[in-house]
Amino acid sequence: MDFAALMSKEIAKAKGSSTPPSGAEQSSKPSTKKYTRRADEEAARIAAYNAEQARIEQEREERMAQKRKHEEEETERRLDREEKKRRLAEESRKKREEEEAAKERERRKRIGLPELPPPGEKDETPGTEGEGEGAEVIGEDELTEKLRELGEPVKLFGETHKERLRRYKKLLERSQEVQKMSDGPIPTTLEPVPEVEMKIPTAVPKDEESRKFLFRQLASYFNMVLSEWELALAKRDITVKQSLQGRQAYNAMVQSRENMTPLVRKFEKSDIDDTVLEHVVEIINKAQQRRYVDANDAYLRLSIGKAAWPIGVTMVGIHERSAREKLHQGDKQAHILSDEITRKFLQSIKRCLSFAQTRWPPDDQLQIMG
């Protein structure tokens, strides 16, 4: 075989292997797209999002339904427990009443007393006649319960039903004689005075009527200052109220109002030391004149006094040094702050002074406290 025939044969073989496949073979192969439309991708994304949202909503509804069912079951269990408690309490009460009635019958039988009347005839107890309408409706057991509610003895030695009923009526009348409390930051039984009559005198009066009126003036003045203080804090902006300084200012006002209450109670009972009362009157008198520096000086004299405070070495040797006796003389109010209640209402008075000089500023700038 020559070279030309060999080459022709190889070329024909190569052409036979590179012929395209038939139509059946082309249809059997999978077709892959090289490009996709953006609209199709967006539609697929929206469908997946909607399916996810529907699944989340369904899960939420299932959780809410389960929660409602749990709450309903818990409510039913709570109602069942309450009903059971009420039923047991009623049964215990009836059982206790029956035991008490049995004991009372045995006691009466033992000491020879007549039998207890039936429950419907308890109001017809002997001894209730001639006591008016109240005696006809209040029986032995009801009167016993009412006396117990008042915290009084059920029966005194040798006391009859008439005497018990009379004692109950007196106690009831006494309990109804409640003094009316005046409105204000510090409720008090002292009758408030108008602002025009609130001028505090320079000295404490001696007669009893004037002292009572002075206590009314002082209580009315402190209530007025606290009311103005509370109103000024309420008018602030919401951001100022919620800030740290705003909350501290409100807490100071509330604390002053609470600490001032024991002082007002002393005014009601006229039970306050004359030395303290004189200084308080001086403080309020100077504050009403808008002389706040002088009022602060009076407050310092009340709080720390004028007594000499020893500093350093006070005793050297056996001989008495000059002016040593002054250490144990002077104002006895030097240690008034040792009393916790007194210290608190004195501090509240000082805070009221600090607010008063901002609410009613003085004409003289030198009278502003530092």
Side-chain angles (χ1 to χ4, degrees), residues 149-152 170-201 204-205 207-236 241 246-288 295 299 302-303 336-337 339-360:
E149 290 176 359
L150 294 176
E152 295 293 329
K170 290 181 180 180
L171 291 172
L172 192 61
E173 293 175 358
R174 191 181 308 167
S175 63
Q176 292 175 352
E177 295 175 356
V178 180
Q179 293 179 328
K180 184 180 179 182
M181 304 291 283
S182 62
D183 297 332
I186 305 177
T188 175
T189 57
L190 295 173
E191 184 181 357
V193 299
E195 190 173 352
V196 294
E197 300 179 5
M198 216 174 285
K199 182 65 177 176
I200 303 298
V204 179
D207 56 310
E208 189 67 24
E209 292 296 329
S210 300
R211 286 174 67 92
K212 290 182 179 179
F213 185 71
L214 174 64
F215 294 146
R216 290 174 53 195
Q217 288 178 315
L218 291 172
S220 302
Y221 176 78
F222 286 126
N223 271 328
M224 181 192 68
V225 173
L226 291 172
S227 299
E228 292 291 334
W229 194 356
E230 186 175 1
L231 183 62
L233 293 178
K235 290 181 179 179
R236 299 176 299 172
K241 291 180 181 179
R247 294 198 301 269
Q248 288 177 348
Y250 181 78
N251 292 335
M253 186 273 298
V254 173
Q255 188 178 18
S256 300
R257 182 179 60 194
E258 293 175 355
N259 295 339
M260 193 77 72
T261 304
L263 179 61
V264 178
R265 298 294 173 258
K266 290 179 179 291
F267 292 158
E268 293 175 353
K269 300 176 182 178
S270 300
D271 183 20
I272 183 171
D273 188 70
D274 290 341
T275 306
V276 178
L277 181 60
E278 290 174 0
H279 286 83
V280 171
V281 166
E282 183 181 2
I283 292 171
I284 305 305
N285 179 263
K286 299 294 178 57
Q288 288 181 343
Y299 165 76
L302 173 60
S303 58
I336 193 174
L337 296 183
D339 183 12
E340 186 71 13
I341 297 178
T342 306
R343 181 186 66 80
K344 286 183 177 181
F345 71 67
L346 288 181
Q347 184 184 18
S348 301
I349 291 175
K350 182 63 168 61
R351 287 178 175 177
C352 289
L353 284 179
S354 301
F355 168 75
Q357 74 172 359
T358 60
R359 174 62 178 82
W360 300 282

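Only heavy atoms go into these numbers, but all of them, side chains included; no hydrogens, no water, no symmetry mates.
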Checklist line | Smallest separation among heavy atoms of Arg257 and Glu230, with atom names | finding: NH1-OE1, 3.8 Å
Check: Checking side chain to side chain contact (heavy atoms under 4.5 Å, CB included) for the pair Glu228/Trp360: CA distance, chi angles, key distance, verdict?
Finding: CA-CA 11 Å; Glu228 292 291 334; Trp360 300 282; 4.1 Å; yes
Margin query: To check you understand the geometry: which heavy-atom pair defines the closest contact between Phe345 and Lys266, and what is its length?
Written below: CE2-CE, 4.4 Å
Margin query: So, taking the atom named CE in Met260 and the one named CD in Gln255, what distance separates them when rounded to the nearest 0.5 Å?
Written below: 11.5 Å
Check: Looking only at heavy atoms, which two atoms of Arg351 and Trp229 are closest? And how far apart?
Finding: CB-CH2, 3.9 Å
Check: Roughly how far apart are Gln288 CD and Met198 CE, rounded to 0.5 Å?
Finding: 8.0 Å
Check: What pairs with Lys344 under side chain to side chain contact (heavy atoms under 4.5 Å, CB included), at least two apart in sequence or on another chain?
Finding: Asn259, Glu340
Notebook entry, point to check: Can you tell if the side chain of Leu346 reaches within under 4.5 Å of the side chain of Leu263, non-hydrogen atoms only?
Noted result: no
Next item on the list: Before giving the answer on side chain to side chain contact (heavy atoms under 4.5 Å, CB included), spell out for Arg247 and Tyr250 the whole-Å C-alpha distance, their side-chain angles and the decisive distance to 0.1 Å.
Entry: CA-CA 5 Å; Arg247 294 198 301 269; Tyr250 181 78; 5.8 Å; no
Item checked: Evaluation steps, side chain to side chain contact (heavy atoms under 4.5 Å, CB included), between Leu353 and Val225 -> CA-CA 9 Å; Leu353 284 179; Val225 173; over 6 Å; no
Check: Under 4.5 Å between any side-chain heavy atoms of Thr188 and Arg265, yes or no?
Finding: yes
Item checked: Minimal non-hydrogen separation, Val280 against Leu302, with atom names -> CG2-CD2, 4.3 Å
Check: Are the side chains of Asn223 and Pro192 in touch, meaning some heavy atoms are under 4.5 Å apart?
Finding: no
Next item on the list: Measure the spacing between CD1 of Ile186 and OG of Ser256 and express it to the nearest 0.5 Å.
Entry: 9.5 Å
Checklist line | Gap separating the CD atom of Glu282 from the OH atom of Tyr299, nearest 0.5 angstrom | finding: 14.5 Å
Item checked: Glu278 CD to Ile272 CD1 distance, which is reported to the nearest 0.5 Å -> 10.5 Å
Notebook entry, point to check: Would Thr275 and His279 count as a side chain to side chain contact (heavy atoms under 4.5 Å, CB included) if you check the C-alpha gap in whole Å, the side-chain angles of each, and the deciding distance to 0.1 Å?
Noted result: CA-CA 7 Å; Thr275 306; His279 286 83; 3.9 Å; yes
Next item on the list: Can you run down the side-chain hydrogen bond (donor to acceptor under 3.5 Å, both in side chains) pairs that involve residues 207-220, sequence neighbours left out, and say none if there aren't any?
Entry: Asp207-Ser210, Arg211-Asp274
Notebook entry, point to check: Measuring from Ile283:CD1 to Leu218:CG, what's the distance to the nearest 0.5 Å?
Noted result: 10.5 Å
Item checked: Non-hydrogen atoms of Cys352 and Leu226 that approach each other most closely -> SG-CD2, 4.2 Å
Notebook entry, point to check: Mind checking whether Leu233 and Phe355 have side chains closer than 4.5 Å, heavy atoms only?
Noted result: no
Next item on the list: Please examine the side chains of Ile349 and Phe222, heavy atoms only from C-beta on, and report whether any two atoms are closer than 4.5 Å.
Entry: yes
Next item on the list: Considering non-hydrogen atoms only, spot the tightest contact between Glu268 and Pro187 and give its length.
Entry: OE2-O, 4.2 Å
